[in-house]
K.L.:
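Have a look at this one.
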Amino acid sequence: MTKSICKCLKTSSLRERLRQRAGTLSGGEQQMLAMARALCLEPDLLWLDEPTEGLMPAMIARIRETVTALRARGVSTLLVEQRVDAVLPIADRVAFIENGRHREILDVSELRADPALLHRYVGVGH
């Protein structure tokens with residue numbers, strides 16, 4: 001997988017910033033860098049904590065594309081995300097946690113069939 005990651009970086013906007021300090025990158029570029037660094041370890045599971053926070057829609061779309069590509073390569077991804085709309089299209093299952101306690105795990109198909117469930121947990125839908 002490392003070769004495909006390196007190929008991805010060569011074509012990404014990060015390629016242009018190889019000599020730039022990470023702290024001076026945009027929020028989206030920092031997220032891409034964090035993902036790339038994690039992927040260099042060739043994980044079976046990638047855990048992303050709020051990867052869309054503060055990002056413009058184009059960068060959110062790139063993160064979704066990356067997660068979808070990783071899934072195709074056999075890498076499982078656990079997304080901790082408050083923006084359900086940003087990750088629901090690529091999710092298989094959704095776990096709702098409230099006040100640090102697990103409340104429910106649902107297949108995405110169940111959420112699509114009953115939008116009231118999303119409204120109950122995160123105040124969207126319905």
K.L.:
Donor-acceptor pair, Arg71 side chain versus Ile90 backbone, under 3.5 Å?
P.N.:
yes
K.L.:
So with a 6.0 Å cut-off around CZ of Arg103, is the heavy-atom count from everything else above 12?
P.N.:
yes
K.L.:
Quick one, Leu48 with Val67, criterion side-chain contact (heavy atoms from CB on, under 4.5 Å). Give me CA distance, side-chain angles, the key distance, then yes/no.
P.N.:
CA-CA 10 Å; Leu48 300 173; Val67 170; 4.0 Å; yes
K.L.:
With side chains defined as the heavy atoms from C-beta onward, is the minimum distance between Leu45 and Thr77 less than 4.5 Å?
P.N.:
no
K.L.:
Where do Leu25 and Gln30 come nearest, in terms of heavy atoms and distance?
P.N.:
O-NE2, 2.9 Å
K.L.:
Side-chain heavy atoms nearer than 4.5 Å, only ILVMFWY residues, links allowed to pass through others: does that put Val94 and Ile105 together?
P.N.:
no
K.L.:
How long is the straight-line distance from CG of Leu118 back to CZ of Phe96, given to the nearest 0.5 Å?
P.N.:
5.0 Å
K.L.:
Tell me, yes or no, whether the heavy-atom count around Glu53 atom CD, taken from other residues, nucleotides or ligands under 6.0 Å, exceeds 12.
P.N.:
no
K.L.:
How far apart are the C-alpha atoms of Leu46 and Leu78, what are their side-chain angles, what is the distance that settles it, and do they pass the side-chain contact (heavy atoms from CB on, under 4.5 Å) test?
P.N.:
CA-CA 6 Å; Leu46 180 64; Leu78 178 68; over 6 Å; no
K.L.:
Please report the closest heavy-atom contact between Ala38 and Pro43, naming both atoms and the distance.
P.N.:
O-CD, 3.5 Å
K.L.:
Would a 4.5 Å heavy-atom cut-off, applied to side chains only, mark Leu88 and Leu111 as touching?
P.N.:
yes
K.L.:
For Glu65, enumerate each residue passing the side chain to side chain donor-acceptor pair (under 3.5 Å) test, keeping only those at least two apart in sequence or located in another chain.
P.N.:
none
K.L.:
Mind checking what makes salt bridge (Lys or Arg N to Asp or Glu O under 4.0 Å) contact with Arg112, not counting sequence neighbours?
P.N.:
none
K.L.:
I would like to know whether Leu106 and Leu117 meet side-chain contact (heavy atoms from CB on, under 4.5 Å); could you show each step before the answer?
P.N.:
CA-CA 9 Å; Leu106 299 168; Leu117 291 170; 3.7 Å; yes
K.L.:
Would a 4.5 Å heavy-atom cut-off, applied to side chains only, mark Arg21 and Thr24 as touching?
P.N.:
yes
K.L.:
Looking at Arg64, Glu81, Met59, which one forms a side-chain contact (heavy atoms from CB on, under 4.5 Å) with Pro51?
P.N.:
Glu81
K.L.:
Find out whether Asp107 and Asp92 are in side-chain contact, i.e. whether some heavy atom of one side chain is under 4.5 Å from a heavy atom of the other.
P.N.:
no
K.L.:
Looking at CZ of Arg93 and CD of Glu110, how far apart are the two atoms once the value is rounded to the nearest 0.5 Å?
P.N.:
11.0 Å
K.L.:
Measure the spacing between CZ of Arg83 and OG1 of Thr52 and express it to the nearest 0.5 Å.
P.N.:
5.0 Å
K.L.:
Could you tell me whether a side-chain N or O of Asp114 sits under 3.5 Å from a main-chain N or O of Ala116, the two making a donor and an acceptor?
P.N.:
yes
K.L.:
Report yes if some heavy atom in the side chain of Asp49 is under 4.5 Å from a heavy atom in the side chain of Leu79; otherwise report no.
P.N.:
no
K.L.:
Under 4.5 Å between side-chain heavy atoms, counting indirect links through other Ile/Leu/Val/Met/Phe/Trp/Tyr residues: same cluster for Met56 and Leu33 or not?
P.N.:
yes
